[in-house]
Every structure is written in C-alpha cells, then in structure tokens.
Amino acid sequence: MIAATVNLELIKENYLKALGKTQRQIVVCAGTACVANGSLKVFEAVKEQVEKKDLDVSVKLESDKDADVVMAKTGCRGFCQVGPLVTVRPQEYHYVRVKPEDAAEIVESSVADDKPVERLLYSDPATGNTCRTTKDIPFYTRQNRTVLDECGKIDACNIEEYISHNGYFAARKAFTEMQPQQICDQVLESGLRGRGGGGFPTGKKWALTLPQPGEKKYVICNGDEGDPGAFMDRSLMEGNPHRVLEGMMIAARAIGADEAYVYVRAEYPLAVSRVSEAVRDAEQLGILGEDVFGTGSSLKIKVLEGAGAFVCGEETALIASIEGRRGMPNPKPPFPAQSGLWGRPTCINNVETLATVPLIIQHGAEYFKSMGTENSAGTKTFALTGHVANTGLIEVPFGLTLREIVFGIGGGVTDDDGSILKDGFKAVQCGGPSGGCLTEEHLDLPIDYDNLRNIGAMVGSGGLVVMNRKTCMVQIAHFFMQFTQNESCGKCVPCREGTKQMLRLLEDIIEGRAALETIDLLERVASAVSKGSLCGLGKTAPNPVLTTLKYFRDEYIAHVVHGKCPAGQCKAYAMPEIDPEKCIGCGLCKKKCPVDAIEGEKKQPHVIDQDKCIKCGACAEACKFNAVIGM
Amino acid sequence: MSCEACKKQKFEKVCRILEEHQADKSNLIPILHAVQREYRYLPEEILTYIATSLNMPPAKVYGVASFYAHFALEPKGKYVIHICDGTACHVKGSIAILEAMQQKLGLDKEKCTTDDQLFTVETVSCLGACGMAPVITINEDVHGLVTPEKAENLIEEILEKEKA
C-alpha cells in the first residue's frame, strides 16, 4: 500500500473475502477460566483432528491466505461456569464443557459433516431444552451485549478481524471528521458515566481537560482492576484489546493528547501481553504513531504493569505509580485534568469506559441513550459470581432488577455443593470493598448509579457476589475490612488507623468478645473513617460494614447478645454436640479430638465435654454419619 | 574467585536491565519488575545498586519496592502458589484451601516459604477468574474449582515430579 494512511475499507473487504472462502471457523475460548479448565489442550486436539482430515488449517485468518478451516483463540465469552467453550461457524454450534477427547467427534460431525454433537450442546436445566447456539441459551438471551459483543467472538490478537467488525472506524471518524469539542459534547450528550465506580460523566471529564493550557497532555487507561470479585476489565483487555485502544485514541483526540498509558495489573499477565501485542500491531499498520489517519497528529501508547496495590485504582495514586513512586493519593484539587502526570493535564478513564466510547462515536449519542435509565445510560458489565448457578461475565442495560440478574441470568442461588437452593438467597454484595450488601427487599430495585447509592451500595467496578443463607454477614464485613485495611496506603490517619480499629471490633464480634456497645462503637468509627479519609479507598471502606449493619443488624445482635452465629459459620459460637440418634459409637471422633474432649464406650453414643472442647471441628470432619451437630 | 565471577554476572544483568529502561527514575517500577523476573525476588544489594545508578536515595527505592504487594524482598520458592482470596473465592471456601496447603507444607501466616525453597504459599486479593472460584495459581498455571483435596493432590504431583 503506497497511500500514507491506512485503508480500513480495503482491509475489511479483503478480510471478509478471505473469510468467505473458508468453510469453517472453529473458535475456542481462551479466557482465563476456560484456559484454567484446559481449553488450550482442546484447541491443540481439535487442530490435530482437522489436520488428520487433510484439511488446510490456519490458526489465524489472514486476508492474503486461503484456508479450509480457520481456528482462533478468543477472549472470555462470559459463560465461565460451563467452559471450555468451543464454537463452530457458520452454524454457530456452541459446545460446552469440551474435553480434548471430544475433538475427533467435533471435527467428524460438525466440520466434515454438518451436524452438531448433541451431547456437547448446552442443556437448559430449567426447561431441559438443548441449545444449539448462544441465541438459545437463557444466560445470553437475557443480556444485551454491546461493549462485550465482540469479546469472545473475535480473535483478540488479529487486528484485521477487529477492523472487519468496523474496528477503528470510529477512531478515524473522531480524527478526521470531528473537532475535539464535538467529541466531548457527543460523549457528554450520550450520558456515559465512568464505569470504574464513581460514575462521573465521561464527557464532562474530557471537556474539563480539553481547554487546559499547555502543549503536552496525557490519556491514561486505568486497567488496575483490584476489586475482589470483578474481572470485566481483564476480560475486555484480554478479549478485545483493540477496542480499548480505539477508545483511548478517541479520548486522546478529544482532549488533545499525544501520549497515552495503559496501566494494567501485574496479576493479569495475559492482559499485559495482549494489550502490548495490540499496540504493536496497531503501530505496524500505521494506525498508531505519527500522522494518525493522515491528520498530522501523533499518538504513542505505552503499556505499564502495575505492581499490586489496590489504592492505585485511585487516579492520583495511579499517577504517582506511573511516575515511579509509591502509589499514594494526593488531595484534590488540583484534579488530574488540571495537573496530572508530570504536572500536565491528564485524563484517566477506566477500561470499560474507554471500550464503550467507540460505540458512541460510531452510532451516536441517541443510540447509547436508548439503553439504560434516564440518569444511567447504556449497558454495564457485571461479574456475577458466588453462590449462583451460572457464574460469569454479563452485560445488561441499567435499569434491570437484581432479581432478573440473579435468578434470570444467574439461574438461581446454589448450595455449597452447587445444587439449586430454593429460598436460599441471602444477599448480593455489589461493588466490591466500596460497595455494600443488598438484601431480598432490594431484589426488584432497578439497578443504576443513583438507586444503588441511595441504599448505601455502589455500582463500583461491577462485582456482584451472590451469597446464600449459609453466609455469615459479619464475616463478610470482616473480609472486606481485612482487605481495605491491608490495602490502605497509610498516608492519612482516618484510613490507616480507623480501618485497623474497625477490623479489631469486627474480630471481637466474630470471636465472641463483643457486647452491644461494640456495635455502636463500630458504627461511630465507620462514619469517622468515611468522613475523614483522603481518598476514595478510605471514604468508601466502611460501606460493607455500614450496609451489613443496616440490613443485617439482627445478625450482629445475635452474635453479641445471644452468643449465636445464625449462619453457623463463626467457630467461636459453635456448640458441637453429638446426636445420640445418629452416633453408632465408632470412636473415630474420639481418636481425632486433639484435646480429648470426647468420651464414650464403644458402640455407645459419645458425648462432647463442652469445657474441654476448643471447637476446632475435627470431630465433625471425622464423623461419617453426620452425628456431630452445631458446628 | 568463582564468587567474584558470579557477582560480576549478577550486576551485568542489572546493568542490562537498567540500560533497557534508559536508567530513568520514572521507570523504577518496570525496572523492579524486570529484576524480579530475573531473580524471583529483589535482593538487597541489587536494590542499592539500582538506587546508586538512578541517583536516588536507597530508602526511596526500598520504599517503592516494599509498598507494592507484587515485589518480594525475600527469596521465593520454585513453585509460587497464589490462593485467590477475592470475594467470590472467599465465600466459596478459599481459606480452607489455604489452611490445607499450609498444613501439608508446614507453613503458617508468618512463614510462607518451605525450608527447601520449593514452595511459597500466599494469598492474593483477586485473580480475576471469579467464575471458577475458588481459584489458585501455581506459577503461571491457573486451577479453578479447587477443593482442599485437589490442592493437596496438586502438591503431591509436584513433589513426584521433583523426585523424578
């Protein structure tokens, strides 16, 4: 190609032409969960079988090469519960729980012949229906995948395939047909709010950065997803890295930046390598670098690895980390838009926010506004996990209810062994350590930024952890407190000392040393930490405690007043007893007891001496007849 | 003499890493990443060397290295086992897995690495594979839906492999 600028139409056309010549595409999910379940071995096995058939197989469709069968590894397709996932196109047969042993049958039946392998198709447990394609699976049909749409469909590492899905067309439009102010206006008009948690209007953030004086400005993509229970940024960076880069290009054009950083968590090695590869490919094709789309503007994107500090999700802390310092936050103002990286105006957006932007530029603000609610436009990805039948990554429009998510898409609440529990729902923890626990009474509440904030929770990064009745809410509060206390950077006293004291108080409750006053004290410290902390980490750290206190106060009171853990999880409140009906006197528990607290004759029901018992649970574990109760 | 040679080799590696990052202060974190990839931890003398080369006070470099969870100041085992203790894994019983592994390897809260430097067992806040909770990683390999028994078997497998 002699033309100085990249010809997206030509690349798209050639790619689609090549795709038209291939008879079959076999797509194997290579998201983290599927890989953990052996999807790479499945990929190799299928490839081997295709080659055995003497078919010409290519592992990457290139517009200038022909192949009978094209195989691709994609990013996460969301339905992690039933991985590894394999799709055969063009029929779109969607196979679940595929093992390397199944490769021969897949190739024999759906590649050489045209029939699906029935036993590998997903069967809906509710109706018993066999689902041939994702269009039949309730987990997918109830979603509205727009940002995640290509994630899991396309080969994450093939820039041509991304372009064939109209990739980089929006970036080109932003650079060649739109003025920076126009882009800011359109994004503001669309109602897009930051997907990282805070929910600040993205267009406003850009519009604040645009008029700042100075030649040099920066765009930062915040891929430091540290929230326990959330993995949407990971999936986007692994599954469709070009989409994230395209969003960054549009942001750079909107604020007038010529340098950008992607800050990725070190715990996500696959994301680091895929994003880096995407940057290299885009540079090679002339999309990134000097003279972007022939406009004379240049843009350089660098990928940086984080080093494991939750607080770096906070804008000013992240900037400190990129500058090579400890990731500690600074008071605002000045905001990064005024003085950010190296003191220059900087715009920081979350991965999901940036991946949403190309949609808005491509289809317009109205299209985006048509989804979601009045104050929360568009769709949101959630990581649905915990005690729920279908775990995975989902994308739904704002305004959907928790009930629809947990029971409709998630398929209901499960017991510890994975079986469906009727009436087993206890709570959903929404928004990670900054969020809160929601109860049954919130199940019909339409989810959006404001509704969640009004009840003390938060959209946060979008983690939804479902909990069944066997979960102790005090322990959940303790779990999050432990996390934020560990992750507090220590710069300001309310967060550093306050979270520590809150943790101690929660420990007192869990370990049976607390009184009713402990709960009041806990509440007072929580409100002080929330008011006095410097950054978002400390300000929101008490949320899980405050919401559990609000909605599950009975459970706290049961611990401190009645000396009981209603969920039966806190060891200190356990009262192990032996059910004389079930005990056959085998003596196994007596043998296992480390403190000789169990007495009894052979073949006679045994008894636990409560004074000696240390409630370690060894007896309950040893008993084959479930005769030890109250643990 | 051989000690001198290995010392020289050690600093050559660091020099190369520093060079790759233009010996620029702002690249301190990528430099530490690269050094850790080389040694599996950040040896004290290397940290001092880096500080001198970047014209920074050693305390600053130490401050950064100790701030981030990913950087290790003590040598780690050949097999680093990360047990995910994110919310999803936690509610599905990650602590039982941790306890089972610690018991099997004679480790505890204070002691994370076995005496033979074969295993290091640590928890991490979230590995982002919540759909497969509970999850552990052994070096780069991710294992999902882990139970205490499965975790013990994984250790057995490694021990067998090491013996062979």
Side-chain angles (χ1 to χ4, degrees), chain A residues 31-33 35-37 76 78-81 83 225-231 233-235 265-269 271 304-310 312 321-328 342 383-387 391-393 416 429 432-433 463 465-468 471 476 479-480 483 486-487 489, chain B residues 21 24-34 36-37 42 54 56 60-72 82 84-96 122-137 139-148:
Chain A
T32 305
V35 170
N37 261 339
C76 180
F79 205 5
C80 309
Q81 186 79 31
E225 182 176 57
D227 262 35
F231 54 102
D233 292 349
R234 168 180 206 152
S235 298
R265 274 186 92 190
E267 285 86 346
Y268 292 177
L304 276 185
E305 235 178 295
F310 178 65
C312 287
S321 183
I322 294 182
E323 290 175 353
R325 295 182 285 129
R326 286 177 154 221
M328 287 180 166
W342 320 113
L384 183 62
T385 58
H387 295 128
T391 60
L393 200 64
D416 292 339
Q429 211 285 340
V465 185
V466 180
M467 296 165 195
N468 66 18
T471 316
I476 291 299
F479 165 77
F480 282 110
F483 177 80
N486 266 343
E487 294 294 339
C489 79
Chain B
H21 293 90
D24 186 348
K25 261 183 219 175
S26 65
N27 287 333
L28 178 59
I29 291 171
I31 290 170
L32 295 180
H33 270 302
Q36 183 157 303
R37 265 191 277 271
L42 301 172
L54 299 180
M56 287 171 86
K60 270 237 152 104
V61 175
Y62 178 80
V64 170
S66 61
F67 181 81
Y68 295 97
H70 190 73
F71 295 134
H82 280 153
C84 180
D85 195 26
T87 323
C89 292
H90 187 82
V91 301
K92 288 197 160 179
S94 55
I95 296 302
E122 295 170 334
T123 57
V124 287
S125 47
C126 186
L127 290 165
C130 318
M132 302 287 302
V135 176
I136 67 168
T137 58
N139 292 341
E140 297 283 291
D141 294 335
V142 187
H143 302 268
L145 299 172
V146 180
T147 57

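Keep in mind that what you see is a predicted model, and the values were worked out from it rather than measured.
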Please report the closest heavy-atom contact between A:Gly386 and B:Ala88, naming both atoms and the distance.
N-CB, 4.2 Å
Proximity breakdown for B:Glu140 and chain A, heavy-atom pairs closer than 4.5 Å
side chain
Measure B:Asp85 against the heavy atoms of chain A and call it side chain, backbone, both or neither at under 4.5 Å.
both
Contacts of A:Ala266 that satisfy side chain to side chain contact (heavy atoms under 4.5 Å, CB included) - sequence neighbours left out:
A:Glu305, B:His33, B:His70
Return the set of residues passing side chain to side chain contact (heavy atoms under 4.5 Å, CB included) with B:Phe67 (not counting sequence neighbours), or none when no residue passes.
A:Ala309, A:Val311, A:Arg326, A:Met328, A:Cys489
Engaged part of [X] at the chain B interface, taking heavy atoms whose separation is under 4.5 Å:
X: A:Ser321; value: both
X: A:Ile476; value: side chain
X: A:Ala230; value: backbone
X: A:Val35; value: neither
X: A:Asn486; value: neither
X: A:Tyr268; value: side chain

Between [X] (side chain only) and [Y] (backbone N and O only), is there a donor and an acceptor less than 3.5 Å apart?
X: B:Tyr68; Y: A:Gly327; value: yes
X: A:Thr385; Y: B:Cys130; value: no
X: B:Lys92; Y: A:His387; value: no

From B:Cys126 SG over to A:Phe310 CZ, what is the distance, rounded to the nearest 0.5 angstrom?
10.5 Å
Could you state the interatomic distance from OG1 (A:Thr391) to CE (B:Met132), rounded to the nearest 0.5 Å?
8.0 Å
Let's test your reading of the structure: which of A:Cys312, A:Gly229, A:Ser235 forms the most heavy-atom pairs below 4.5 Å with chain B?
A:Gly229
Residue, of B:Leu28, B:Val142, B:Thr87, that accumulates the most heavy atom pairs under 4.5 Å with chain A:
B:Thr87
